[in-house]
**Q** 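Following this message is one structure expressed as structure tokens.
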Amino acid sequence: MTRHRLVVAAVLGLLATACTASPEAAVPQTVLAAAPKPTKEVTELVLPFDRYQLSVNDIYLIESAKDVLTRACMKKRGYGYEVITHRRQYQDLRNRRRYGVIEIPVAEAMGYRTNARLLGSTDVTAQKMDREARMSPAERKAATDPVDGCYKLAGDRLARGNEENEDLVNKLNVDSLDEALKSPRVAPAMRAWVRCMKQRGHPYKNFYVASEDPRWARSKKLSDAERETAVADVTCKEQAGLVTLLSETERSIEERGIRENKAYFTRLEAAKERHLAAARAVLRGAGD
């Protein structure tokens with residue numbers, strides 16, 4: 001089964017040639033594709049493991065601090081560096097596609113397709129892409145080299161002593177979904193979804209198979225058939241109460257996982273808080 005993950009791919013040209021990039025450089029402004037606003041079903045879909053991993057706002061806080069440190073490092077190397085200010089708070093959409101498409105507006109507008117904004121990217125993503133596009137090749141190497149780039153060094157400094165191995169929580173996160181999907185508690189609702197879809201002319205064994213139908217999985221264009229199937233998918237989920245049952249079941253499974261690995265999750269939470277505290281300290285020192 002395919003698990004939807006937030007993937008943002010950007011292909012940036014080498015558009016600046018001067019040693020110091022200028023904000024006035026003729027670089028087209030990046031505009032992320034539109035997506036329907038998240039519904040209540042998404043904004044209220046919060047799971048226990050979420051609190052132990054970085055939210056979108058936590059990530060942006062750390063990135064703000066990394067920007068400040070990168071600017072200082074770049075200055076020592078003889079370059080300027082644009083600090084992106086993104087102190088507003090954003091909605092956390094990490095679970096938006098965990099159970100496939102669950103929103104009628106999304107099904108109507110996009111079928112089973114995704115884009116960066118649907119999966120959580122914001123205007124900050126576009127600003128970062130524009131910043132890199134304005135850099136000269138030399139600046140880009142100094143800033144983003146994977147070995148000794150200033151941004152890499154800034155991240156290392158903030159994370160040093162403030163990270164816990166996330167392999168276990170990542171594994172448990174996948175396992176909790178698989179267990180919920182196979183749970184006897186969820187099985188009647190899953191069967192109801194299958195019957196509902198079949199009655200509407202869409203015979204699929206589960207909603208992941210529906211989303212991966214080759215008719216649209218291999219097509220670049222949204223078809224009426226894809227849109228109709230996605231709308232039926234969401235409608236049948238709602239009639240069966242499937243998303244509610246899945247999320248409630250997953251919450252119980254994840255809470256059990258936290259109890260069974262209490263020491264690990266305590267360390268994980270403490271490391272996250274130290275990481276954020278280190279970022280806040282950098283920002284306070286910079287007056288941001």
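All of these numbers come straight from a predicted model, not from anything done at the bench. Worth knowing before you read on, the calculation uses all heavy atoms, side chains too, and leaves out hydrogens, waters and symmetry mates.
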**Q** Hey, which of K75, R131, E139 is the one that makes side-chain hydrogen bond (donor to acceptor under 3.5 Å, both in side chains) with Y81?
**A** R131
**Q** Can you tell me how far CE of M197 sits from NZ of K205, rounded to the nearest 0.5 angstrom?
**A** 14.5 Å
**Q** About how many Å separate CG of N95 and CG of D92, when rounded to the nearest 0.5 Å?
**A** 7.5 Å
**Q** Fit a plane to each ring of Y112 and W216, take the angle between them on a 0 to 90° scale, and name the class: parallel (under 30°), tilted (30 to 60°) or perpendicular (over 60°).
**A** parallel
**Q** Just by distance, with hydrogens left out, do N162 and R157 show a side-chain donor and acceptor under 3.5 Å apart?
**A** no
**Q** S183 side chain to E179 main-chain N or O, any donor-acceptor pair under 3.5 Å?
**A** no
**Q** Hydrophobic clustering (ILVMFWY, side-chain heavy atoms < 4.5 Å, transitive) - are L246 and V42 grouped together?
**A** yes
**Q** Out of curiosity, does L47 fall in the hydrophobic cluster containing I258 (side-chain heavy atoms, cut-off under 4.5 Å, transitive links)?
**A** no
**Q** Ignoring hydrogens and angles, state whether a donor on the side chain of D123 or Y90 is under 3.5 Å from an acceptor on the partner side chain.
**A** yes
**Q** Is a side-chain donor or acceptor of R96 paired with a backbone partner of L118 at a separation under 3.5 angstrom?
**A** yes
**Q** When S176 is tested against each of R256, E254, E255, K171 for side chain to side chain contact (heavy atoms under 4.5 Å, CB included), which residue passes?
**A** E254
**Q** Looking at R97 and L119, would you say the former's side chain and the latter's main chain have a donor-acceptor pair under 3.5 Å?
**A** no
**Q** Can you tell me how far the CG atom of D213 sits from the NE2 atom of H202, to the nearest 0.5 Å?
**A** 10.5 Å
**Q** Honestly, is K237 close enough over Y99, meaning NZ or CZ under 6.0 Å from the six-membered ring centre and within 45° of the axis?
**A** no
**Q** Using the rule given for ring-ring contact (aromatic ring centres under 6.0 Å, His included), can you reason through F49 versus F265, listing the C-alpha separation, both sets of side-chain angles and the distance that settles it, and then say yes or no?
**A** CA-CA 9 Å; F49 289 165; F265 278 96; 5.4 Å; yes
**Q** Please answer: with hydrophobic residues joined when any side-chain heavy atoms are less than 4.5 Å apart, are L93 and L177 in the same cluster?
**A** yes
**Q** Any chance you could measure R71, atom CZ, to E82, atom CD, to the nearest 0.5 Å?
**A** 11.0 Å
**Q** Would a single hydrophobic cluster contain both L222 and V106, if residues Ile, Leu, Val, Met, Phe, Trp and Tyr are joined by side-chain heavy-atom contacts under 4.5 Å?
**A** no
**Q** Residues two or more places apart in sequence or in another chain: which of them pass salt bridge (Lys or Arg N to Asp or Glu O under 4.0 Å) with R51?
**A** E269
**Q** Cut-off 3.5 Å, side chains only: do N206 and W193 have a donor facing an acceptor?
**A** no
**Q** Look up atom CD1 in I104 and atom OG1 in T235, then write down how far apart they are to the nearest 0.5 Å.
**A** 4.0 Å
**Q** With rounding to the nearest 0.5 angstrom, report the NE2 to CG distance, H275 to L158.
**A** 5.0 Å
**Q** Can S55 and D58 be counted as having a side-chain donor-acceptor contact under 3.5 angstrom?
**A** yes
